[in-house]
Number of protein chains: 2
Amino acid sequence: MEKEITIYDIAKLLNLSPATVSRALNDHPAINSNTKSVIAAKAKEMGYRSNTFASNLRRQRTDTIGVIVPRLNSHFMSTVLAGMEKVVNKSSYNLIISQSLESVKKEIANAKTMFNSRVDGLLVSVAYDTDNTDHFDAFVKRGIPLLFFDRVLEHKQGTSIIIDNTKAGYEAVSHLIEQGCRRILYITGNLKRNVYADRLKGYRLALLEHGLPYLDELVMVTDLSQEAGIEAARLIQRMDKKPDGLFIANDLCAVSCMSALRKNGFSIPDDIAVVGFNNDPVSVVIEPNLTTIDYPGEKMGEIAAQSLINHLNGSLDIQNTNTIILHSELLIRQSSVKKGAN
Amino acid sequence: MEKEITIYDIAKLLNLSPATVSRALNDHPAINSNTKSVIAAKAKEMGYRSNTFASNLRRQRTDTIGVIVPRLNSHFMSTVLAGMEKVVNKSSYNLIISQSLESVKKEIANAKTMFNSRVDGLLVSVAYDTDNTDHFDAFVKRGIPLLFFDRVLEHKQGTSIIIDNTKAGYEAVSHLIEQGCRRILYITGNLKRNVYADRLKGYRLALLEHGLPYLDELVMVTDLSQEAGIEAARLIQRMDKKPDGLFIANDLCAVSCMSALRKNGFSIPDDIAVVGFNNDPVSVVIEPNLTTIDYPGEKMGEIAAQSLINHLNGSLDIQNTNTIILHSELLIRQSSVKKGAN
DNA sequence: ATGAAAGCGCTAACAC
DNA sequence: GTGTTAGCGCTTTCAT
């Protein structure tokens with residue numbers, strides 16, 4: 001097994017001081033460029049690798065940004081993460097990613113781990129049932145910048161990056177109404193989450209504007225899983241007055257609900273028109289293709305990471321910005337277009 | 001902003017030595033349990049957090065396991081990762097996860113990062129176009145254990161965890177033949193990858209055993225993306241002698257291909273029967289439901305992580321194990337069951 | 001342009 | 001059961 005090489009080893013062999021080696025390796029301007037190349041060559045030859053721990057210990061920072069997301073395996077989230085990586089790769093920062101699996105408990109644990117790994121900043125999209133920011137207090141107290149995206153929490157300081165979920169919900173439901181729907185069922189996630197609560201606001205607004213009544217029985221709170229979609233189809237089957245439109249806050253759930261409904265003999269969109277949310281790839285695989293809200297995940301990731309980095313570099317003060325709102329768009333496909341409607 | 005608390009601060013306040021505080025915090029058996037609770041209480045009160053960097057620097061290990069996967073946003077991979085997390089959470093190790101996005105270039109960069117973060121061990125599933133193990137040599141040289149799973153590479157030492165892809169391919173194709181298929185198109189990924197090459201072996205074996213000829217023109221190498229599925233459907237449309245069965249090495253691609261074929265007027269399974277691979281949730285959403293190979297992702301993750309941890313703890317020597325093979329299973333659904341067949 | 005030296009916070013060998 | 005002390009590898013201030 002090879003021995004670990006340190007800057008001392010390099011320094012000794014080159015008759016230089018460790019300080020010079022350190023500076024050269026970090027491309028310090030005061031070092032002669034010749035010396036630099038000699039050192040770089042030797043380091044490479046000897047298989048030197050910098051010891052991040054020693055460096056972090058000494059510098060009192062980690063150049064690391066933590067990310068906590070509900071799940072990794074959603075198309076939306078992985079798109080967001082791709083955006084973050086893109087930005088972070090251009091900087092000297094690194095990303096540590098962890099998932100809460102939609103549980104506050106795990107989110108708290110993850111936050112603690114992030115805190116103990118001394119991330120320089122934290123990007124968070126909260127879990128299903130998170131209902132306070134206590135587990136992030138430690139960060140605020142130590143002045144570690146905190147930025148929420150998509151699923152955000154009310155917090156006195158710091159930025160949130162979101163889309164206008166109210167508007168998106170309004171557009172989705174207005175579209176259904178224009179297609180002739182009069183009983184629109186909204187299948188949603190936990191209404192604690194801004195994303196679902198705001199879409200509900202949009203739903204109500206659209207009904208109101210078109211003179212349709214708001215009925216509690218037409219709001220179904222689920223976990224938006226595939227199973228929830230199937231269960232929703234079962235419940236619809238049993239309803240006396242069946243809905244003629246569905247607005248489902250997640251494409252995966254929408255797609256499995258549609259599929260179950262069709263198995264039960266419903267015709268989509270004619271019996272029931274459906275609008276999903278997220279523009280997940282599966283939305284163009286299902287028959288009929290799913291009308292959905294497209295949502296700029298990559299951009300959201302880029303902006304989140306860039307804002308945080310700018311703040312860390314001192315070129316932007318996050319604490320004074322409030323909310324960044326990105327555009328979303330209704331993509332109309334066959335699942336919601338009734339033949340009768342214009 | 002609060003000052004960072006160290007064990008020295010705690011020691012001073014409690015009139016103890018830093019060593020005692022350190023031991024107490026690490027639950028060292030020699031420390032009086034009273035002392036321990038006093039120290040623990042004080043640490044909590046003062047908002048102490050252990051400095052991992054100092055600790056890692058001193059202990060010369062990180063208690064961290066690196067994971068490199070092609071993509072995070074596949075159902076299979078996230079299931080594998082869930083399995084790993086489950087095991088790792090029970091131990092004192094942490095996980096660092098990174099994705100290569102199917103590119104060797106990024107995989108090399110990730111490996112380097114992992115190496116520099118001094119992971120104690122590495123779990124890898126390689127990218128699409130990786131064709132040698134050079135970027136893992138540094139780990140081997142330093143005696144850092146390396147374990148491949150699912151998409152594995154030939155390497156002299158170390159364990160691989162896989163399913164029997166040849167058998168899975170054989171079963172998939174035999175099933176299609178039994179349903180009456182005579183021209184079966186295999187849509188695959190890069191044949192450098194064991195998973196795709198071995199399934200091809202199974203495909204050939206099944207043909208051979210049933211007296212069907214093997215034809216080069218019936219093997220289509222793609223990137224198995226959704227777009228590839230649509231493109232494949234286009235190519236099938238143009239073929240003079242159309243296939244009557246498809247074996248597609250990935251459900252997502254299979255599903256989009258099926259969907260495109262149906263739009264072009266093909267009836268599934270009657271014109272073309274389809275078998276996918278992975279048992280992705282989408283396989284039960286598509287109409288008709290997709291016959292596929294089910295694949296124990298979570299178990300694979302658990303075994304991979306556990307084997308590595310056992311090796312690190314000295315209770316198992318990975319270098320002497322070779323290959324662990326997990327069971328897979330053909331799930332027959334409507335997409336492949338022809339009405340005519342028995 | 002380079003060097004000397006101190007110290008980041010922790011742990012472990014050795015002492016008592 | 002607890003204390004003393006040295007050192008992990010790096011960066012940086014202060015010298016020259």
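Letters A, B, ... mirror the listed sequences (proteins, then strands); counts begin at 1. For the numbers below, each heavy atom of this structure counts, side chains included, while hydrogens, waters and symmetry mates do not. Please read these numbers as outputs of a predicted model, since none were measured by experiment.
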Do the side chain of Thr113(B) and the main chain of Ala109(B) share a donor and acceptor less than 3.5 angstrom apart?
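Yes; at least one donor-acceptor contact below 3.5 Å.
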Atom [atom1] of [X] and atom [atom2] of [N]: how far apart are they, to the nearest Å?
X        : N       : atom1 : atom2 : value
His28(A) : dT12(D) : NE2   : C1'   : 10 Å
Ile39(A) : dT11(D) : CD1   : P     : 12 Å
Leu25(B) : dT2(D)  : CG    : P     : 14 Å
Asp27(A) : dA1(C)  : CG    : C1'   : 15 Å
Leu16(B) : dC10(C) : CG    : C1'   : 16 Å
Ile7(A)  : dT2(C)  : CD1   : C1'   : 14 Å
Glu4(B)  : dC10(C) : CD    : P     : 9 Å
Lys12(A) : dG3(C)  : NZ    : P     : 15 Å

Would you check, one step at a time, whether the test side chain to side chain contact (heavy atoms under 4.5 Å, CB included) holds for Ile5(B) with Ile10(B)?
CA-CA 8 Å; Ile5(B) 308 295; Ile10(B) 301 175; 4.2 Å; yes
Between the first and last five pairs of the helix from dA1(C)-dT16(D) to dC16(C)-dG1(D), the angle of the axes, rounded to 10 degrees
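Here the local axes at opposite ends form an angle of 30°.
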Assess whether a salt bridge exists between [X] and [Y], defined as any Lys/Arg side-chain N lying under 4.0 Å from an Asp/Glu carboxylate O.
X         : Y         : value
Arg193(A) : Asp129(A) : no
Arg151(B) : Glu102(B) : yes
Lys36(B)  : Asp27(B)  : yes
Lys106(B) : Glu85(A)  : yes
Glu4(A)   : Arg118(B) : yes

Begin from the C-alpha positions of Phe136(B) and Phe148(B) and carry the test ring-ring contact (aromatic ring centres under 6.0 Å, His included) through to its verdict.
CA-CA 11 Å; Phe136(B) 299 117; Phe148(B) 290 100; 5.6 Å; yes
4.5 Å side-chain heavy-atom contact, [X] and [Y]:
X        : Y         : result
Ile7(A)  : Leu25(A)  : yes
Val69(B) : Phe149(B) : yes
Asp63(A) : Asp120(A) : yes

Along DNA chain D (nearest heavy atom to each residue), the more 5'-positioned of Tyr48(A) and Ile31(B):
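Comparing both residues, the 5'-ward one is Ile31(B).
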Expected rows: protein N/O vs nucleotides 13-16 of chain D N/O, under 3.5 Å:
unit_1, atom_1, unit_2, atom_2, d
dT13(D), O4, Arg23(A), NH2, 2.7

Which part of the nucleic acid, if any, lies within reach of [X] when heavy atoms closer than 4.0 Å are counted: base, sugar-phosphate only, or nothing?
X        : value
Ser22(A) : base
Asp9(A)  : nothing
Asn34(B) : nothing

Candidate nucleotides dG9(D), dG3(C), dC10(C), ranked by approach to the side chain of Ser17(A) - the nearest
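Looking only at side-chain atoms, Ser17(A) lies closest to dG3(C).
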Looking only at N and O atoms, is any donor in the side chain of Tyr8(A) or the base of dC8(D) less than 3.5 Å from an acceptor on the other one?
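A donor-acceptor contact between them is absent.
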Check each residue of residues 50-66 of chain B for a non-hydrogen atom within less than 4.0 Å of any atom in DNA chain C, then write out the ones that pass by number, or none.
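Listed by number, they are Ser50(B), Asn51(B), Ala54(B), Ser55(B), Arg58(B), Arg59(B).
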Testing the 3.5 Å rule here: is there a donor-acceptor pair between the side chains of Thr79(A) and Glu298(A)?
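Judged by distance alone, the side chains do not pair up.
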Is Thr35(A) near enough to dT2(C) that one of its side-chain N or O atoms lies under 4.0 angstrom from OP1 or OP2?
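Looking at the OP1 and OP2 atoms of dT2(C), one of them is under 4.0 Å from a side-chain N or O of Thr35(A).
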